[in-house]
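The block underneath contains the structure these notes are about, expressed in structure tokens.
Throughout, a chain's letter reflects where its sequence line sits, starting with A, and its residues are numbered from 1. What you are looking at is a predicted structure, and each value in this text was computed from that prediction instead of being measured.
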Amino acid sequence: MVEEKEITVNIKKYDGKNDPYWKTYKVRADRYTQMTEVLRRIKTEQDPALAYRASCHMAVCGSCAMKINGFPRLACRTMAFDVMDENNEINLEAMDYYKGIRDLIPDIDTFYDRMYKVMPRLYADESVIAGENEQRMTPSEQKEVWKFQECIWCGLCVSACPSVRMDEKFLGPAAHAKGYRFIADGRDTKTEERINILMDSAWRCTSCYMCYEVCPQDVQPVIAIKKTKSYLNEYKGNTEVTEMARKHDDTVFDLINNTGKIKESTLYLKTFGFGEAIKDINYMRKEGKLKYALAKDNDVKNIDEIKKIMGDKK
Amino acid sequence: MEKKEYDAVILGGGLAGLMAANTVAEHGFTVAVVSKVFPTRSHSAAAEGGIAAYIKGNSDPNDDPDFMSYDEVKGGDYLVDQNAAELLSQKSGEIINLLDLWGAPFNRQPDGRIALRYFGGQTYPRTRFVADKTGMALLHTLFEHASGFNNIDFYPEYYVLDIVKNGNNVNGLVAMQMKNMDPIYLKARALLIASGGLGMIYKHTTNSYINTGDGYGIALRSGVPLKDPEFVQFHPTGLYPSDILISEAARAEGGILKNNKGERFMAKYAPHKFDLAPRDIVSRSMTIEMREGRGFEGGYLGLDLTHLGKEYIMDRLSLAYDAAKTFAGVDATEEMIPVRPAQHYFMGGIDVDITGANSDLNGLFAAGEAACVSVHGANRLGSNSLLETLVYGRETGNTMVEFLKNHKNVEASDGTDKILDNAYKYIKRENGEHFGTLLNELRDIMWENVGIFRDKNKLEDAVRSIKKLKERSLNMYVTDKTTNYNTEVFNALETRNMIDVSLAIASAALNRTETRGAHFRDDFPERDDTNWMKHTLAYLADNDIEIKYKPVIVTKWKPEPRVY
């Protein structure tokens, strides 16, 4: 027999009006018990009024996104025994960022709105639509597209993303994965429009990797954002952010070409300008981090080799 | 009550519903898609292994649509309407090309064409796939395509209560917005039910929590019959103990089922097709092995992939690997995956013809698992459910377009308030039974008595018990009286649907005194073509099920013994 234990589940209850409060349940579970099953047991046996979303219980539908012990996860993909503490206790709350509706159910309409902004559908070539041509795709291209198409719209990455909260012009990780998926797809005809939609936003990402950390499908949205950034030369527009991005790209190139290294302080100065740098130097001094910015850095020795490689790149 | 009017209302945002929505919208008609979940949360997402298709120029050179139809007919143990199977095969190639056009990222061959692999019951390999998350990939593709139409309105997280009728005409439906319990009357002269299956009536199921047979319950209450409800598919490889699906792709790619002696026992039951015999045969064989003491302690068998190599497993069966690892703590590259059969699919469904139209209610259509077009007969082959949702989603969409062109507006009808009152009565009642008590009992009864092996005693017992549950359900009440995303109310309404459809299944299973496909009677272990080569039609009549019949359509293939 598989060993069962009594576990304690604390759930942050919310009725939509009054302040949220914690309610405690005791449930029997074993090492195979998923958190969605824990919730089902609570609901059918103890508290029929408990509100949560769950559907596929195999991590392909994205319904059961929530915070488990403070970390954004899918409940179905989480085994109770893997997350309970030494007292066999587990805490469940609704995802951050979204407006709460009831208990573990947030209103994630804002997530969907982000997805719709990136034209999330394929626009095939007219000749293919007319049946005059067929579409082919290499296995490696399919792999690249599928990597980012694996997103299940669960909303965890957006709930965990600090840039989303700070910057309303940032589309968020999932929308970028979706947007890039179509750029990477040779069957699509709207690359230019997609780059126009995505480029400014892509450079608003701080590459903190929270989306990479929380994604239950290993979609790695931050990688999609980095790949989108590499289309900068094909972007015709110019915004405050992309202007900085161009300076950033040019400086990175020059620094490697001339010194063999990315010198962060120079890169910073050239990207953001002197005025912004003064403000930040002040801030860094207060935090005691200035010494890192001013650390002396030696040039590499065989710079000619590097220049050759960089010349090829250009 | 708020009221909105559309040309067509579609209940269900999975593959069948979305395909029909796209088709109807292409012709300029207005469409509402109503679902109790956001469309991408639909159970279509859970389909793993693939979608069967004969594509001219991209299939085995010896293959032919007729071979494909024959496989379906034989796989379905001759309860298949053969014209429906032929249509399914003939349209399979063009539906794949359409999905490719809309952006589906099918796995590819080195030359860039769509790849294919074997699946259970196929004479030649026909299954197209996107890794082992084919359903999810196609569902997102269809939803994304549908989201580009201005004439499709989505109503996600709306729970549908019942059909509104005017005489014998469909006149839309009444739904409730789940987050605030506001009712809405969606008026339309065409209604498609594409609400998927019913796995939650069984204790062990691979299905999503949302698969509560709502569409079947709604249809039954409107006087519409379910066709062939006694045919329920049990998938051989539910992961032990969580019943998460391990795709048939695992066996198609070379996985082998083994008993506790390490024997490849399927050699005994299906000497030609081995582990890739149709699902009903494999599930029964597994149950026999376990009954006779050759299972592992706890009640499971082994699915061995270890000989396939890590790289191959990760590339082609990543979901199976991931599921075994996450949910059973087993590394499939090194150990056998523990599996046992679990409810998986419902071959029965709302009675429709090959065009997707129901003949009891004017303007009612059904597609996908909610429907019974009779392409699967008594047992569905793997890779054919996705195909059916798309081919018949499109066929039915086209039928709806013709219907809409020829049928003008239906007069307003009353009855909407009564539908609402019926739903409210669970909230108004102050005491009684919780949905959870009834539901857990129902799931046990169905698993124990209306499962893989059936007989008269078990089935009579089931019918009796379900009728008692139905009576008790009149006293069902909800503790939660709030109007803020009150999931308890919806669970109670789901339970009402589940009890009705379970009664239809058990009654039809008791009535069919033969063994055919997934319906196995210990007391009648042979197929009986003389008396039972016919479809069941099960009507709900008060507290009882009334049974009628309908002939099976045979075009080319006469019944023969089903050997694999």
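- Classification of D100(B) and R136(A) as a salt-bridged pair fails, no side-chain N sitting under 4.0 Å from a carboxylate O.
- In terms of heavy-atom pairs under 4.5 Å with chain A, the best-connected choice from G298(B), A115(B), G103(B), G329(B) is G103(B).
- When heavy atoms are compared at a cutoff of 4.5 Å, L319(B) approaches chain A solely by way of its side chain, counted from C-beta outward.
- Smallest separation of non-hydrogen atoms from P105(B) and V145(A): CB-CG1, 4.0 Å.
- Of the atoms belonging to V128(A), heavy atoms from both backbone and side chain fall under 4.5 Å from chain B.
- Using modelled atom types, no side-chain atom of Q142(A) and backbone atom of R108(B) make a donor-acceptor pair closer than 3.5 Å.
- Below 30°, between 30° and 60°, or above 60°: for F38(B) and Y112(A) the angle between ring planes is below 30°, a parallel geometry.
- With chain A as partner, the option from Q109(B), H43(B), H140(B) having the largest number of non-hydrogen pairs under 4.5 angstrom is H140(B).
- Counting heavy-atom pairs closer than 4.5 Å to chain B, the top residue among P48(A), C76(A), P139(A) is P48(A).
- Proximity to chain B is limited to the side chain of Y116(A), based on heavy atoms less than 4.5 angstrom apart.
- Heavy-atom pairs under 4.5 Å with chain A were tallied for L139(B), N107(B), V37(B); the largest tally goes to N107(B).
- Using a 4.5 Å cut-off between heavy atoms, Q34(A) contacts chain B through its side chain alone, with no backbone atom that close.
- Ranked by heavy-atom pairs under 4.5 Å with chain B, the list D82(A), D107(A), D185(A), D15(A) is led by D15(A).
- With sequence neighbours excluded, no residue forms a salt bridge (Lys or Arg N to Asp or Glu O under 4.0 Å) with R31(A).
- A side-chain donor from one of T482(B) and R102(A) sits under 3.5 Å from a side-chain acceptor of the other.
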Verdict with supporting geometry, N97(B) and E134(A), side chain to side chain contact (heavy atoms under 4.5 Å, CB included): CA-CA 9 Å; N97(B) 290 336; E134(A) 66 167 328; over 6 Å; no
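- With a 4.5 Å cut-off on side-chain heavy atoms, Y209(B) and R53(A) do not count as touching.
- Looking at E150(A), both its backbone and its side chain come within 4.5 Å of chain B, counting heavy atoms on both sides.
- In this structure, W153(A) and F143(B) have side chains that are in contact, with non-hydrogen atoms separated by less than 4.5 Å.
- Among I244(B), D322(B), T326(B), T206(B), the single residue meeting the side chain to side chain contact (heavy atoms under 4.5 Å, CB included) criterion with M58(A) is I244(B).
- When heavy atoms are compared at a cutoff of 4.5 Å, D315(B) approaches chain A solely by way of its side chain, counted from C-beta outward.
- Taken to the nearest 0.5 Å, the CG atom of D109(A) stands 5.5 Å off from the NZ atom of K179(B).
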Verdict with reasoning, F182(A) to E144(B), per side chain to side chain contact (heavy atoms under 4.5 Å, CB included): CA-CA 12 Å; F182(A) 289 102; E144(B) 287 165 10; 3.5 Å; yes
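- Under the salt bridge (Lys or Arg N to Asp or Glu O under 4.0 Å) criterion, R73(A) pairs with no residue at all, not counting sequence neighbours.
- Residue E311(B) places its CD atom among 12 or fewer non-hydrogen atoms of other residues, nucleotides or ligands, all under 6.0 Å distant.
- Comparing L439(B), T479(B), V478(B), D111(B) by how many heavy-atom pairs each has under 4.5 Å with chain A, the most go to D111(B).
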Worked check of side chain to side chain contact (heavy atoms under 4.5 Å, CB included) between T40(B) and I152(A): CA-CA 8 Å; T40(B) 60; I152(A) 54 173; over 6 Å; no
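- Contact annotation for K17(A): neither backbone nor side-chain heavy atoms come within less than 4.5 Å of a heavy atom of chain B.
- For I105(A), the part lying near chain B is the side chain, with the backbone staying farther off; criterion is any non-hydrogen pair under 4.5 Å.
- Other residues, nucleotides and ligands contribute at most 12 non-hydrogen atoms within 6.0 Å of the NZ atom of K99(A).
- Proximity to chain B is limited to the side chain of R187(A), based on heavy atoms less than 4.5 angstrom apart.
- Ranked by heavy-atom pairs under 4.5 Å with chain B, the list A124(A), G62(A), G131(A), G16(A) is led by G62(A).
- Looking at F435(B), only its side chain comes within 4.5 Å of chain A, counting heavy atoms on both sides.
- A distance of 8.0 Å separates OG1 in T487(B) from CG in D103(A), rounded to the nearest 0.5 Å.
- Scanning residues 37-47 of chain A against chain B with a 4.5 Å non-hydrogen threshold yields E37(A), R40(A), K43(A), T44(A), E45(A), sorted by number.
- No part of A323(B) comes within reach of chain A, as not one of its non-hydrogen atoms sits under 4.5 angstrom from that chain.
- By the 4.5 Å heavy-atom criterion applied to side chains, Y32(A) and S242(B) are not counted as neighbours.
- Residues forming a ring pair (Phe, Tyr, Trp, His ring centres under 6.0 Å) with Y158(B) (at least two apart in sequence, or on another chain): Y155(B).
- Of the atoms belonging to T33(A), not a single heavy atom falls under 4.5 Å from chain B.
- Residue contact with chain A, scored on non-hydrogen atoms closer than 4.5 Å, involves the backbone of A104(B) exclusively.
- Using a distance-only test at 3.5 Å, with no hydrogens or angles considered, a donor-acceptor pair links the side chain of H57(A) to the main chain of N207(B).
- We find the CG-OH distance between N484(B) and Y14(A) to be 8.0 Å, quoted to the nearest 0.5 Å.
- A donor-acceptor pair under 3.5 Å is formed between the side chain of S55(A) and the backbone N or O of R41(B).
- Side-chain N or O atoms of R113(B) include none that pairs as donor or acceptor with a backbone N or O of M137(A) at under 3.5 Å.
- At a 4.5 Å heavy-atom cutoff, the contact between L50(A) and chain B is made by backbone atoms alone.
- R121(A) and S147(B) form a side-chain donor-acceptor contact under 3.5 Å, judged by distance and modelled atom types alone.
- Interface remark: D125(A) contributes no atoms to any contact with chain B (heavy atom separation under 4.5 Å).
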